[in-house]
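Residue numbering restarts at 1 for every chain, and letters A, B, ... go by the order of the sequence lines. Note that the structure is predicted; figures quoted are calculated from it, not measured.
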Amino acid sequence: MVKKRGLPHLLRLLFVFLCMNIIWYMAYLLMNHPILPSPGAVYEAMFHLGARDVALNVGYSLLRIFEGVLLALLIGLLIGLLMGRSQLWNRLLDPVVYLTYPIPKIALLPVVMLFFGLGEISKVLMIMLILLFQVIISVRDGVKAIPESTYDVLTSIGASTGQKFWNVTLPGALSVILSTIRISLGTAISVLFFTEIYGTEHGMGFFIMDAWLRLDYPEMYAGIMLFSLVGFVLFLLVDVLDYKFMKWRR
Amino acid sequence: MSSLRNSGLRIRGLQVEYTSGQPALGQVSLTLPEHGIYTIIGPSGSGKSTLLRAVAGLLPSYEGELLFNGKSVHDKETLIGLVPQNYGLLPWKTVRDNIRVAMRITSPDRESKRVMEAEISHWLKSMGIAELAGRYPLSLSGGQQQRVAIARAFAIRPTILLLDEPFSALDAITREALQQIFLDNWLAHPATTLFVTHDVEEAILLGQKVIVMPSAKQDTPEILDNTPVFAMKHEEKRDSNEFFEQSKRIRKVMLAKW
Ligand SMILES: Nc1ncnc2c1ncn2[C@@H]1O[C@H](COP(=O)(O)OP(=O)(O)OP(=O)(O)O)[C@@H](O)[C@H]1O
Ligand SMILES: [Mg+2]
């Protein structure tokens with residue numbers, strides 16, 4: 001999206017960013033209290049963070065998100081595909097998905113912690129759980145929405161199941177998959193924050209809570225801004241993928 | 001290799017029911033020699049597309065036998081080029097990629113990449129759509145999509161070519177030009193061809209035989225020999241006496257089968 005609209009879009013984003021800073025500064029002047037530092041102080045704190053420190057914390061958070069997203073995609077794609085292409089599997093798994101879908105996955109956090117401890121596994125697993133059901137459902141519906149006739153020519157020339165998957169099923173369902181990732185990414189990042197509060201000394205969640213406990217508010221806000229940046233970069237990534245693979249719709 | 005009796009496309013007692021008890025086409029038995037164009041004409045809903053889908057191997061079940069040179073048409077040796085009524089292009093692939101995918105699947109160990117790309121270019125050019133190579137199907141007009149679908153069907157060098165109303169989306173002039181192009185390409189690669197059309201003239205202009213499908217499903221199709229017209233130069237067909245006589249004859253058969 002950013003790429004397509006190019007410079008004007010980028011300028012607009014910058015303008016909004018600037019306005020938000022101005023509002024922030026005015027709020028700072030009005031409140032005049034250490035719990036809301038000025039933008040200048042926060043940017044300065046950000047500047048003083050060690051590059052290694054930032055890279056480590058951002059890196060850990062990104063890695064966890066990537067692992068969680070990847071797992072959710074692999075498993076979700078497999079199950080969604082089975083359900084989308086086979087009546088039998090759909091009838092078998094549909095009630096399972098139907099019953100488990102409404103469970104608020106964040107409520108499973110304590111359970112996951114009990115089963116998998118406080119380490120990396122439970123953090124990645126939570127992200128995966130949040131995404132998985134969305135991916136399954138969107139893949140299934142995306143696959144079902146591909147008209148059967150799209151496969152006709154490939155069938156008539158004797159294409160294998162694998163060839164049909166790569167040339168029809170996956171590209172046909174990709175747009176739904178991408179928009180699902182875009183939507184669930186926000187939730188995944190929020191959950192990541194919670195899971196990084198415990199059992200780790202790396203990650204943006206840890207960084208922000210650590211600064212909070214030390215009452216270092218400028219650094220806390222700097223962490224929040226960095227965390228937002230991580231989210232922004234991820235959104236941008238999905239946009240770039242969308243731009244690359246969805247050209248055919250424009 | 002194969003005896004004359006077995007050569008070509010043989011359809012024996014084909015019966016298709018999408019919902020049981022409701023035949024989708026009249027009982028079809030046809031013997032069509034190899035390397036010919038056979039046009040199929042008949043009222044809407046008479047089962048023209050169904051017949052092609054059966055040959056293309058797209059129906060989960062049917063009754064009867066479909067043989068090519070003595071073997072099942074669904075044998076590995078028989079390569080089927082299909083131009084579906086809805087063109088059947090993959091919207092997420094460019095024109096060039098659409099053709100490339102089909103070629104890769106049908107001959108995975110085909111020569112070099114360069115040869116294949118050159119061949120794709122050749123087919124695009126011969127259908128007059130070279131400049132569309134990088135476009136996506138959704139950005140093409142119906143007629144342009146049809147040409148891509150035809151180029152793709154030719155590019156895999158099929159033994160059987162199936163076309164379902166391939167020129168229906170075209171204006172009369174473009175249609176005539178494309179009929180000529182189609183015939184030229186076909187002569188260079190004369191696959192056994194079933195060509196469905198709504199248009200009596202087109203059926204006579206292109207077909208060696210004209211197959212008239214009945215609307216009543218208890219009836220059988222009527223096959224008219226059209227060799228005299230087929231043997232003429234294409235540009236001379238339309239003004240010939242034979243063409244005129246043949247039109248009258250086919251219209252009469254169609255009326256009887258309505
Ligand atoms: N998928 C399907 N399910 C059920 N019935 C079908 C299906 N496809 C076709 N039919 C029925 O089979 C019969 C033949 O249809 P078919 O599409 O082969 O006709 P056609 O001669 O190609 O018509 P047209 O000229 O309109 O394309 C029709 O009665 C149609 O309703
Ligand atoms: Mg039809």
Side-chain angles (χ1 to χ4, degrees), chain A residues 1 3-4 73 77 80-81 84-90 138-139 141-181 238-250, chain B residues 49 52-60 72-95 97-108 134-140 148-153 155-164 194:
Chain A
M1 254 195 260
K3 241 180 184 166
K4 190 180 66 173
L73 274 182
L77 215 64
L81 221 75
R85 294 295 291 163
S86 142
Q87 279 280 336
L88 182 76
W89 280 103
N90 193 30
S138 68
V139 169
D141 294 347
V143 166
K144 272 189 177 167
I146 301 170
E148 206 46 48
S149 63
T150 318
Y151 295 91
D152 282 356
V153 171
L154 292 199
T155 306
S156 72
I157 58 177
S160 67
T161 311
Q163 286 165 331
K164 285 186 201 169
F165 170 74
W166 287 112
N167 290 305
V168 182
T169 314
L170 187 62
L174 198 60
S175 96
V176 195
I177 296 174
L178 281 176
S179 45
T180 305
I181 292 181
V238 177
D239 267 352
V240 169
L241 289 179
D242 193 277
Y243 178 79
K244 187 161 160 31
F245 291 111
M246 294 298 127
K247 271 186 206 147
W248 59 273
R249 285 200 305 200
R250 288 182 273 267
Chain B
S49 299
L52 289 203
R53 293 177 63 77
V55 177
L58 299 176
L59 298 179
S72 162
V73 287
H74 308 316
D75 229 64
K76 271 255 178 263
E77 284 162 53
T78 312
L79 194 51
I80 291 172
L82 173 67
V83 179
Q85 202 159 1
N86 62 1
Y87 328 130
L89 300 174
L90 302 177
W92 36 83
K93 296 208 180 285
T94 61
V95 166
D97 286 343
N98 261 285
I99 299 176
R100 192 185 291 125
V101 164
M103 289 174 88
R104 281 233 185 98
I105 290 172
T106 49
S107 47
R135 296 262 294 269
Y136 286 94
L138 290 186
S139 75
L140 301 179
V148 178
I150 295 171
R152 174 176 62 181
I156 64 168
R157 300 177 179 280
T159 37
I160 298 179
L161 185 56
L162 306 170
L163 304 103
D164 203 344
L194 295 181

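Although no hydrogens or angles enter the test, the distance criterion places a donor-acceptor pair under 3.5 Å between the side chain of B:Trp92 and the main chain of A:Asn167.
Heavy-atom pairs under 4.5 Å with chain B peak, among A:Trp248, A:Tyr151, A:Trp166, A:Phe245, at A:Trp248. The greatest number of non-hydrogen atom pairs below 4.5 Å with chain A, out of B:Val55, B:Leu82, B:Leu79, B:Ile105, is found for B:Ile105. Note: A:Gly172 leads A:Pro147, A:Ser160, A:Gly172 in heavy-atom pairs under 4.5 Å with chain B. Put simply, of B:Lys76, B:Arg152, B:Arg135, B:His74, the one with the most heavy-atom pairs under 4.5 Å next to chain A is B:Arg152.
Under the side chain to side chain contact (heavy atoms under 4.5 Å, CB included) rule, A:Ile157 has a single partner from B:Thr106, B:Val101, B:Ile80, which is B:Thr106.
At a 4.5 Å heavy-atom cutoff, the contact between A:Leu154 and chain B is made by side-chain atoms alone.
We find the CG-CD distance between A:Asp152 and B:Gln85 to be 11.5 Å, quoted to the nearest 0.5 Å.
The side-chain heavy atoms of A:Ser149 and B:Asn86, taken from C-beta on, include a pair separated by under 4.5 Å.
Residues B:Pro84 and A:Val153 come closest through the heavy atom pair CG-CG2, 3.7 Å.
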